[in-house]
Amino acid sequence: MVWKSASYGPSEYTNYGSHPTSRVENNVVAYVGTSTRSDPKRNSGSVERIAQIDDDLLCFNAEAGSVLVRIKENDRKFDTFIKLPFTKGVTERETGRTLLILGDLAHHGEAMQGQFDVSQDPYQGKGKAFGNTIRWINVGGISDGFLGLDYRPNAPTNSGVARNEADVKFLANMLLNKEAEISTVYC
């Protein structure tokens with residue numbers, strides 16, 4: 001199944017250094033914006049400590065107005081996911097430190113600034129790029145959604161994608177452990 005997020009991606013006009021954020025120490029943090037569905041913003045957020053990933057947090061991002069659009073190659077039975085909340089996140093390999101992007105139109109690279117050891121513009125693929133992280137998206141809640149990530153076995157180690165089965169297992173285990181003690185709340 002193929003999905004594409006409805007966003008415009010980084011551009012030459014994006015200034016990743018304009019909102020430096022001091023590193024917030026916690027195993028789970030969130031880049032929380034002030035956007036609403038009627039007034040989406042970019043880089044309005046600040047990084048906050050959160051205790052765990054739950055349905056309330058995953059549903060919160062619906063207010064940012066991010067949606068998924070159906071690509072022609074999709075099987076029609078999966079179209080129901082188009083109305084579910086869409087949340088972006090990134091998890092550091094080895095430590096499992098995770099950042100959620102909530103209520104803001106920021107890209108992974110923008111929200112990661114100051115929180116992970118990454119380049120100022122990681123999308124250029126130079127220097128540290130995305131460091132030792134795996135970028136991902138979550139569509140829906142804990143029990144009714146799915147996790148999406150790029151998988152490229154020959155990708156550079158700093159590309160921010162899963163490179164092998166161990167990366168995928170690690171990410172799934174980390175996120176499940178962060179959700180394990182949560183009773184499901186419906187969006």
Side-chain angles (χ1 to χ4, degrees), residues 1-24 28-35 39-48 53 57-58 60-71 73 85-139 146-164 166-168 170-172 174-175:
M1 148 172 71
V2 179
W3 292 95
K4 175 67 179 148
S5 64
S7 67
Y8 297 97
S11 74
E12 60 198 76
Y13 305 108
T14 304
N15 181 359
Y16 290 94
S18 63
H19 293 97
T21 307
S22 298
R23 182 179 167 98
V24 174
V28 184
V29 294
Y31 183 86
V32 181
T34 58
S35 298
D39 185 25
K41 293 180 181 155
R42 187 181 181 123
N43 294 330
S44 66
S46 61
V47 180
E48 301 177 13
I53 298 172
L57 284 174
L58 296 177
F60 175 81
N61 210 45
E63 288 299 307
S66 296
V67 297
L68 297 181
V69 294
R70 184 172 53 85
I71 303 296
E73 293 85 2
F86 174 73
T87 306
K88 293 185 272 188
V90 62
T91 299
E92 190 171 45
R93 287 181 185 89
E94 298 170 10
T95 68
R97 185 168 187 267
T98 298
L99 170 78
L100 296 180
I101 304 170
L102 304 170
D104 195 286
L105 300 178
H107 293 288
H108 288 94
E110 293 165 312
M112 293 170 69
Q113 295 300 310
Q115 300 305 310
F116 297 92
D117 192 19
V118 298
S119 297
Q120 185 174 0
D121 184 353
Y123 296 98
Q124 295 296 316
K126 298 176 184 170
K128 299 173 190 172
F130 286 99
N132 195 24
T133 64
I134 302 170
R135 296 171 287 149
W136 50 270
I137 63 165
N138 186 79
V139 180
F146 64 88
L147 188 66
L149 58 114
D150 285 334
Y151 181 84
R152 286 183 269 153
N154 296 323
T157 57
N158 64 355
S159 61
V161 302
R163 294 173 288 127
N164 51 51
D167 280 350
V168 176
F170 172 78
L171 179 63
M174 283 287 99
L175 295 176

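- In this structure, the side chains of Leu57 and Leu102 come closer than 4.5 Å at one or more pairs of heavy atoms.
- Under the 4.5 Å side-chain criterion, counting only non-hydrogen atoms from C-beta, Thr87 is not in contact with Ile101.
- Taking each heavy atom of Ala111 and Leu99 in turn, the nearest pair found is O-CD2, 3.6 Å.
- Distance check: Tyr31 OH to Leu100 CG gives 13.5 Å after rounding to the nearest 0.5 Å.
- At least one side-chain heavy atom of Asn132 sits under 4.5 Å from a side-chain heavy atom of Glu94.
- Phe116 has its side chain within reach of Arg97: a pair of non-hydrogen atoms, C-beta onward, lies under 4.5 Å apart.
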Quick one: do Thr133 and Thr91 satisfy side chain to side chain contact (heavy atoms under 4.5 Å, CB included)? Show the steps, please. CA-CA 5 Å; Thr133 64; Thr91 299; over 6 Å; no
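- The two atoms that bring Met174 and Gly96 nearest to each other are SD-CA, 3.3 Å, heavy atoms only.
- Within the 6.0 Å centre-distance limit, the rings of Phe130 and Tyr123 are counted as a close aromatic pair.
- Leu58 places a side-chain heavy atom less than 4.5 Å from the side chain of Asn138.
- Judged purely by atom type and a 3.5 angstrom limit, Arg23 has no side-chain atom pairing as donor or acceptor with the backbone of Gln113.
- Between Asp104 and Val32 there is no side-chain heavy-atom pair separated by less than 4.5 Å.
- Scanning for side-chain contact (heavy atoms from CB on, under 4.5 Å) contacts around Val28 gives Ile50, Ile53, Lys178, with sequence neighbours left out.
- When all heavy atoms of Trp136 and His108 are compared, the closest pair comes out as O-NE2, 3.1 Å.
- Taking all atoms of both residues into account, the shortest heavy-atom contact from Asn43 to Ala106 is OD1-CB, 3.8 Å.
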Check step by step if side chain to side chain contact (heavy atoms under 4.5 Å, CB included) holds for Val168 and Leu149. CA-CA 9 Å; Val168 176; Leu149 58 114; 4.3 Å; yes
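- Residues Pro153 and Arg163 fail the side-chain proximity criterion, which asks for heavy atoms closer than 4.5 Å.
- Using a 4.0 Å cut-off between charged nitrogen and carboxylate oxygen, Asp167 and Arg93 count as a salt-bridge pair.
- Annotation: side chain of Ser119 is not in contact with side chain of Asp121 (no heavy-atom distance under 4.5 Å).
- Of all the heavy atoms in Gln115 and Val24, the pair that sits closest is OE1-N, 3.0 Å.
- Here the closest heavy-atom approach between residue Gly127 and residue Asn158 is recorded as O-ND2, 2.8 Å.
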